[in-house]
Q: 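Would you mind keeping the following structure in view while I ask a few things?
Just so it is clear: chains get the letters A, B, ... in the order the sequence lines come, proteins before strands, and each one is counted from 1.
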2 protein chains.
Amino acid sequence: MIPIARPFARIAERLRGVGLRPTRQRLSLGRILFAKGDRHVTAEMLHDEAQADGVRVSLATVYNTLNQFTAAGLLREVAVDTGRSYFDTNTSRHHHFYDHRGRELTDIPAEGLRVQGLPRPPEGLAIDRIDVVVRLKKA
Amino acid sequence: MIPIARPFARIAERLRGVGLRPTRQRLSLGRILFAKGDRHVTAEMLHDEAQADGVRVSLATVYNTLNQFTAAGLLREVAVDTGRSYFDTNTSRHHHFYDHRGRELTDIPAEGLRVQGLPRPPEGLAIDRIDVVVRLKKA
DNA sequence: TCAATAGTTTAGAACAGTTATAAACAAGAA
DNA sequence: TTCTTGTTTATAACTGTTCTAAACTATTGA
Ligand SMILES: [Mn+2]
Ligand SMILES: [Mn+2]
Ligand SMILES: [Zn+2]
Ligand SMILES: [Zn+2]
């Protein structure tokens with residue numbers, strides 16, 4: 001009943017809920033990812049942060065975990081730059097500012113943003129998702 | 001005066017115009033890229049197509065050429081999938097449908113499409129470009 | 001409580017896409 | 001032509017990611 005004292009309890013439930021065993025590695029990575037609000041991380045960023053936190057986990061496991069969390073709907077992947085995958089802890093519909101210099105993503109809430117005048121998709125295909133990326137430059 | 005008979009003439013001019021020597025490789029790649037309307041190609045696609053056309057050119061040169069053409073404003077890069085760069089012969093403002101299965105890009109004209117309600121960019125930064133990617137799935 | 005089982009982690013190899021290196025080569029100027 | 005500088009190329013190197021297979025661990029149910 002004191003969630004602060006059991007930081008893994010909720011995460012363990014979420015993992016079991018999607019059929020993943022709550023291992024030490026997944027719990028630690030889950031805590032890093034979900035403890036402090038919305039985040040956009042690469043595998044290497046998460047691995048470095050885990051190391052800094054004293055969590056021993058291999059890079060392969062970081063990749064496995066990010067991909068499993070994404071498949072389970074706990075994360076979503078954002079494609080803004082080729083050669084580097086970003087994983088977003090905010091899985092709700094929203095968009096992004098992208099600062100290509102600083103390689104930094106910032107959320108744009110879906111509410112308030114409207115994309116109007118889209119043509120019909122090609123025959124046999126339907127819209128899965130609309131991603132708006134606002135690329136930034138120095139003012 | 002007969003452009004069909006001198007398919008390289010216009011391309012040679014464009015290359016000189018951006019400070020690139022009109023070499024056999026650049027002229028051939030330029031012809032493949034710009035001869036048949038708007039295209040979205042990867043380096044490997046362009047290399048394969050060149051080979052099929054009997055154009056002898058290394059993959060390194062294809063990469064160099066795509067990057068040089070992009071820097072010169074003759075092409076633009078589209079980031080829809082990590083791990084694979086697409087180059088777009090349509091450098092005007094427009095957007096894309098992306099079929100993730102078939103790895104195929106289709107243009108969405110900028111005219112008619114409106115993105116409204118964007119928040120102000122973070123302090124010190126300005127909007128460089130807005131990219132709308134409409135991801136498709138089977139209907 | 002303790003196997004047995006199936007899922008998980010890991011080091012390291014492998015892989016894909018791309019860029020760097022440096023030597024051979026070709027375009028353009030003189 | 002010659003000279004200079006830009007270009008091409010094979011190949012090595014590099015980055016991000018996935019694969020492999022052996023060691024390990026969470027879970028189950030006897
Ligand atoms: Mn980039
Ligand atoms: Mn993909
Ligand atoms: Zn986000
Ligand atoms: Zn396009």
Side-chain angles (χ1 to χ4, degrees), chain A residues 8-9 11-30 32 40-51 54-72 74-75 77-87 100 103 105, chain B residues 8-9 11-30 32 40-51 54-72 74-75 77-87 100 103 105:
Chain A
F8 287 168
I11 295 168
E13 303 264 321
R14 292 181 78 178
L15 292 179
R16 284 201 196 84
V18 298
L20 295 171
R21 289 187 183 172
T23 62
R24 172 180 64 76
Q25 290 87 341
R26 286 183 183 143
L27 290 170
S28 297
L29 295 175
I32 292 172
H40 304 93
V41 303
T42 64
E44 195 175 358
M45 285 168 58
L46 181 57
H47 186 241
D48 289 352
E49 192 169 337
Q51 306 276 95
V55 175
R56 278 174 28 263
V57 58
S58 71
L59 185 55
T61 295
V62 171
Y63 274 106
N64 288 341
T65 300
L66 287 171
N67 288 329
Q68 290 155 351
F69 283 14
T70 301
L74 269 40
L75 292 176
E77 200 172 348
V78 185
V80 284
D81 214 345
T82 60
R84 200 178 317 276
S85 271
Y86 285 83
F87 294 87
H100 188 265
R103 289 177 174 174
L105 280 165
Chain B
F8 286 167
I11 295 169
E13 303 263 322
R14 293 181 77 177
L15 291 179
R16 284 201 197 86
V18 298
L20 295 172
R21 289 186 183 172
T23 62
R24 171 179 65 75
Q25 291 86 341
R26 287 183 183 142
L27 289 170
S28 296
L29 295 176
I32 292 172
H40 304 94
V41 304
T42 64
E44 193 177 344
M45 285 167 58
L46 182 56
H47 186 242
D48 288 353
E49 191 169 338
Q51 305 276 98
V55 174
R56 279 171 31 262
V57 58
S58 72
L59 185 55
T61 294
V62 171
Y63 274 106
N64 288 340
T65 300
L66 287 171
N67 288 329
Q68 290 155 350
F69 283 16
T70 301
L74 269 40
L75 292 175
E77 200 172 346
V78 185
V80 284
D81 214 345
T82 62
R84 201 178 317 276
S85 272
Y86 285 83
F87 294 86
H100 189 265
R103 289 178 174 173
L105 280 165

Q: Does A:S85 put a side-chain nitrogen or oxygen below 4.0 Å from OP1 or OP2 of D:dT17?
A: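 So the side-chain polar atoms of A:S85 do come within 4.0 Å of the phosphate oxygens OP1 or OP2 of D:dT17, strictly under.
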Q: Does a side-chain N or O of A:N64 approach OP1 or OP2 of C:dT8 to a distance below 4.0 Å, or not?
A: no
Q: Rounded to whole Å, how long is the line connecting atom CZ of B:R24 with atom P of C:dA26?
A: 9 Å
Q: Could you tell me whether the side chains of B:T70 and B:E77 share a donor-acceptor contact shorter than 3.5 Å?
A: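 There is no such pair (donor and acceptor under 3.5 Å, judged by atom type) between the side chains of B:T70 and B:E77.
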Q: Under 4.0 Å from OP1 or OP2 of C:dT19: is there any side-chain N or O of B:Y63 that close?
A: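 B:Y63 to C:dT19 OP1/OP2: no side-chain N or O under 4.0 Å.
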Q: When you measure from the side chain of A:P22, which nucleotide among D:dA26, C:dG28, C:dA20 comes out closest?
A: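 Nucleotide nearest to A:P22's side chain: D:dA26.
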Q: Below 4.0 angstrom from OP1 or OP2 of C:dA26, is there any side-chain N or O of B:R21?
A: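 Indeed not, no polar side-chain atom of B:R21 lies that close.
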Q: Could you give the CZ-to-C1' distance, from A:R16 to C:dT8, as a whole number of Å?
A: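 Taking CZ of A:R16 and C1' of C:dT8, I get 15 Å after rounding.
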Q: Does a nitrogen or oxygen in the side chain of A:Q25 sit under 4.0 Å from OP1 or OP2 of D:dT25?
A: no
Q: Taking only side-chain nitrogens and oxygens of A:Q68, does any of them come within less than 4.0 Å of OP1 or OP2 of C:dG7?
A: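 Checking A:Q68 against C:dG7: no side-chain N or O falls below 4.0 Å of OP1 or OP2.
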Q: Once you round it to whole Å, what is the distance between C1' of C:dT19 and CZ of A:R84?
A: 14 Å
Q: Do the side-chain N or O atoms of A:T23 get closer than 4.0 angstrom to the phosphate oxygens (OP1, OP2) of C:dT9?
A: yes
Q: Taking 4.0 Å as the cut-off, does a side-chain nitrogen or oxygen of A:R26 come that near to OP1 or OP2 on C:dT9?
A: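 Answer is yes, contact under 4.0 Å.
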Q: Below the 4.0 Å mark, does D:dT8 have OP1 or OP2 next to a side-chain nitrogen or oxygen of B:S58?
A: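 Indeed not, no polar side-chain atom of B:S58 lies that close.
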Q: Give a yes-or-no answer on whether the side chains of B:T82 and A:T82 include a donor-acceptor pair shorter than 3.5 Å.
A: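 Their side chains do not contain a donor-acceptor pair, so the 3.5 Å distance test is not met.
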